[in-house]
Amino acid sequence: MQGLFFESDDGVRLVIRALVVLIGFWTAWRAGKAVADGWNNYPLAVVYTFLLAWAMQFLHHALFNGPMLSGLFYGIDFVTLLVFSTAGYRFRRTNQMVNNYYWLYEKTSAFSWKDKH
């Protein structure tokens, strides 16, 4: 069964790594969006990202034999995931502000708004 889709384990490991990374990025985006949906402040998104980065460190360790307690790799995971959670937060908050307060604000980009006056 091992050689059914790939000739070696390298292809399987590459696919699993890609899936783990994509799931992590998607989860970070959704965490930021969830914080904005609840009208909570941005620091809560940072806390969720902190916890998500720890979970990603565990997945790297459990699936790929990576280091579990590495400050450097945790920092890289945290910063990368924070970019996605911030983007999800800002995207959703912008849509909330321009849709709920359409008489006050207009969208300037996908991640920002401005006063109409």
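Residues: numbered from 1 along the sequence shown. Everything quoted here is computed from the prediction, not taken from an experiment.
- Between Arg92 and Asn95, the closest side-chain pair of non-hydrogen atoms falls below 4.5 Å.
- In the displayed structure, Asn100 atom CG is contacted under 6.0 Å by more than 12 heavy atoms of other residues, nucleotides or ligands.
- In this structure, CZ on Arg93 lies 12.5 Å from OG1 on Thr86, to the nearest 0.5 angstrom.
- Phe64 and Met56 fall within the same hydrophobic cluster, where Ile, Leu, Val, Met, Phe, Trp and Tyr residues are linked whenever their side-chain heavy atoms come under 4.5 Å apart, directly or through other members.
- Listed for the Glu106 side chain is no donor-acceptor partner under 3.5 Å among the backbone atoms of Val98.
- Note that CG of Leu63 and CZ of Phe58 are 8.0 Å apart. Values are rounded to the nearest 0.5 Å.
- With rounding to the nearest 0.5 Å, the separation of CE in Met97 from NZ in Lys114 is 15.0 Å.
- A side chain to side chain contact (heavy atoms under 4.5 Å, CB included) with Tyr89 is found for exactly one of Val35, Asp37, Val46, namely Val35.
- In this structure, Arg90 contributes its side chain and Phe111 its backbone to a donor-acceptor pair below 3.5 Å.
- Tracing side-chain contacts under 4.5 Å through hydrophobic residues (I, L, V, M, F, W, Y), one never reaches Phe78 starting from Phe73; they form parts of separate clusters.
- Following chains of ILVMFWY side-chain contacts shorter than 4.5 Å, one cannot reach Ile76 starting from Val21, and the two form parts of different hydrophobic clusters.
- Residues Tyr105 and Thr94 have side chains that never bring a donor and an acceptor to within less than 3.5 angstrom of each other.
- Enclosure of atom OH in Tyr42 by more than 12 non-hydrogen atoms of other residues, nucleotides or ligands within 6.0 angstrom is indicated.
- The minimum heavy-atom distance between Ala28 and Leu81, with the atom names listed, is CB-O, 3.5 Å.
- Using modelled atom types, one side-chain atom of Lys116 and one backbone atom of Tyr102 make a donor-acceptor pair closer than 3.5 Å.
- Applying the ring-ring contact (aromatic ring centres under 6.0 Å, His included) test to residues at least two apart or on different chains, the pairs with a partner in residues 14-37 are Phe25-Phe84, Trp29-Phe91.
- Across all their heavy atoms, Ser85 and Ala45 have their closest contact at OG-O, 4.4 Å.
- Side-chain contact between Asp115 and Leu104 is absent, with no heavy atoms from C-beta onward closer than 4.5 Å.
- The main-chain N or O of Pro67 is never found under 3.5 Å from a side-chain atom of His61 such that the two would form a donor-acceptor pair.
- Put simply, Tyr74 and Leu59 are part of two different groups of oily side chains (I, L, V, M, F, W, Y) that touch within less than 4.5 Å, one to the next.
- With hydrophobic clusters built from ILVMFWY side chains whose heavy atoms lie under 4.5 angstrom apart, Trp113 shares a cluster with Tyr101.
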